[in-house]
Amino acid sequence: MNDRQTKPKTFALTTPLYYVNDLPHIGSAYTTMAADVVARFERLRGKSVLLITGTDEHGQKIQRTAESLGLDPQKHCDLVSSGFDSLWQKLNIQYDRFIRTTSERHHPIVKEFWQRVWEKGDIYQGQQTGWYCVACEEFKEERDLLPGNKCSLHPNREVEWRDEQNYFFRLSKYQSQLETLYQERSDFIQPVSRRNEVLNFVRQGLQDFSISRVNMDWGFPVPNDPHHTIYVWFDALLGYVTALLDPDSQPTLEKALSQWWPIDLHLIGKDILRFHAVYWPAMLMSAELPLPKHIFGHGFLTKDGQKIGKTLGNTIDPVDLVNRYGSEAIRYYFLKEIEFGQDGDFNETRFVNIVNADLANDLGNLLNRTLPMTKRYCQGIVPNCLSADIPDTHPLKAIGLTLSDRVAEKYESLAFSQACAAIFTLIRASNKLIDEQAPWALYKQGQQQAGDRVLYAVLESVRQAAYLLSPIIPDLSTEIYQQLGFLNNFNDKNQIYEAAPFEVHSTWGVLPANQRLGDSKPVFVRLELP
RNA sequence: CAAAAGUUAGCUCAUUUGGUAGAGCGAUCGACUCAUAAUCGAUUAGUAGUAGGUUCGAUUCCUGCACUUUUGACCA
């Protein structure tokens, strides 16, 4: 504790700032749930945590989408942005900052950063020439065009020859610095497969990229040249910086970077890896600012083994999903059943089966079969039993003694699935112990102490499991804790560490003997198959 | 076309440095009754994509082929 006061441990992490071109999809929900789990885990072990999420709202695509809907761009952004926010509420995401790139505090930060890079000599005016597809809003390589100068994605539209002045960022200048970075900090980009992608890309040689657009005004003007608008990515990445500002502090780089910088972890989908692993560090090098510690690019989701896409019409609506099944089931499935980092599949039948098997049958029922016996044979209080009286070789205690360290290691490496697997070995062993020891028979035979030991060991194991699972299923863990007679609420982010510190509650044997138990009822109701 | 990753029980995945493969889910049978038809046990199944090579021995190393996925510069 003293150590904590003299040297406060902080942890800042981000989700992407989601583009408000459309309503949130399941992929955004997936990233955000994972980020929330990391944030909750770090808070649980006593760190000061800043979880940043938000929305990216500039760019021509937004402007055009708004127009097509007959809306003012800002109005459109407000609507979609609040859609993200309300989904995060439904999914029980405890973010600390929600940054919108259209917020007025963001502009001075972007301006100042631009200025800094400009003074470094890393921004220059150049000519962007090439075939431009208006529908894509992209310059196209000649080799990608269909016969007749048609865009391959929009075969009914001819591309246009553009020759425009743009501002460029000297990315090429940072090639060797970036390569050194990847070399010296091999865990900067995770997982390894993502790192290799980046290494390959960078090895091929980096070209400068344009960071401004003309004929577009939904964005920030380039300082001293208002005909140009700052390119949306340059603006968006800096949202991570603006988000660090305290609500009442001045929007300056110095203020923003004074407290939480550098970011410990950028959690992203693999589609935006390059922006975070190449452009972003180069921009920061140019501005002479410290770099984030880790970038983790997770995989994509498929549905029933098929790529998800609007054209296929097989999208998963996260709002619909959470309305039908609740946040706990969804959080659990995506974190437990999908190897974080790899691509993963969502199949509704499988989802229901897994969640029922683990949360209702194994975990929920374990508590629900034990509490009634405790009521009947122990007057509704935790059996009068000391952990010290239970040998370390006891089948549950033996697992529980090393579980905390193993699980913490898994959470730290973002191996959520493996964390769950480790915890569930304890839960399954508990169900097994009850069957083998048959405490109801022990009590009927008058063997009170033997029965008490069984029930204590099981209740304590459920408690430990609930505690360690709380970053993933906080509502369920809270319900379990309360049925065990605790008052803790795992959603109370400012007090959970003080009330139930990790060093104590993550270990086995802390359930107080004679504690009065709460009311018992199933903590997780089985889901119906679709 | 090029590069990278992958192809292990019906499904989702594990198998630190090569010694004939494991878990969860599902299925079948049995046991028990404290419990949310829950739990426990047993069974089930894999010539580890394919064809070769190195080796006493390869899922694990090398090569060819097939299939899947990703990347190949500004698509959040």
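Hydrogens, waters and symmetry mates are skipped; everything else that's a heavy atom, side chains included, is used. Proteins get letters first, then strands, A, B, ... in listed order; numbering begins at 1 in each.
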Query raised in the report: What residues, two or more places apart in sequence or in another chain, satisfy ring-ring contact (aromatic ring centres under 6.0 Å, His included) together with A/Y174?
Result: none
Requested in this report: Quick one: list whatever passes salt bridge (charged side-chain N to carboxylate O under 4.0 Å, His left out) with A/E412, sequence neighbours left out.
Outcome: A/R45
Query raised in the report: So what is the 5' to 3' dot-bracket string for RNA chain B, if pairs are Watson-Crick or G-U wobble with both distances under 3.5 Å, crossing pairs use [ ] and | means the partner sits on another strand?
Result: (((((((..((((........)))).(((((.......))))).....(((((.......))))))))))))....
Report task. Tell me, please, which residues at least two apart from A/E479 pass side-chain hydrogen bond (donor to acceptor under 3.5 Å, both in side chains). Result -> A/Q483
Report task. Just grab all the side-chain hydrogen bond (donor to acceptor under 3.5 Å, both in side chains) pairs involving residues 229-238 of chain A, residues at least two apart or on different chains. Result -> A/H58-A/D235, A/H106-A/D235
Report task. Summarise protein proximity over nucleotides 26-34 of chain B in one line of letters, 5' to 3': B for base, S for sugar-phosphate only, - for none, counting protein heavy atoms closer than 4.0 Å. Result -> ------SSB
Which atom pairs, one a donor and one an acceptor, fall under 3.5 Å between side chains of residues 357-368 of chain A and the rest of the protein, sequence neighbours left out?
from: A/D358; atom 1: OD2; to: A/Y332; atom 2: OH; distance (Å): 2.6
from: A/D358; atom 1: OD2; to: A/K336; atom 2: NZ; distance (Å): 3.3
from: A/N361; atom 1: OD1; to: A/R526; atom 2: NH1; distance (Å): 2.7
from: A/D362; atom 1: OD2; to: A/R428; atom 2: NE; distance (Å): 3.2

May I have the list of side-chain donor-acceptor pairs in residues 271-281 of chain A shorter than 3.5 Å, sequence neighbours left out?
from: A/H276; atom 1: ND1; to: A/I272; atom 2: O; distance (Å): 3.0
from: A/H276; atom 1: NE2; to: A/Y240; atom 2: OH; distance (Å): 2.7
from: A/W280; atom 1: NE1; to: A/H266; atom 2: NE2; distance (Å): 3.1

**Report entry** Residue pairs fulfilling ring pair (Phe, Tyr, Trp, His ring centres under 6.0 Å) with at least one residue in residues 13-33 of chain A, sequence neighbours excluded
**Finding:** A/Y18-A/F84, A/Y18-A/W88, A/Y30-A/H298, A/Y30-A/F334, A/Y30-A/F340
Report task. Give every residue pair that meets the salt bridge (Lys or Arg N to Asp or Glu O under 4.0 Å) criterion with at least one member in residues 197-210 of chain A, sequence neighbours excluded. Result -> A/R194-A/E197
Query raised in the report: Which of residues 338-350 of chain A sit near RNA chain B, with a heavy atom under 4.0 Å from it?
Result: A/E339, A/Q342, A/D343, A/R350
Report task. Output every pair passing ring pair (Phe, Tyr, Trp, His ring centres under 6.0 Å) with a member in residues 436-457 of chain A, not counting sequence neighbours, ordered by first then second residue. Result -> A/Y377-A/Y443
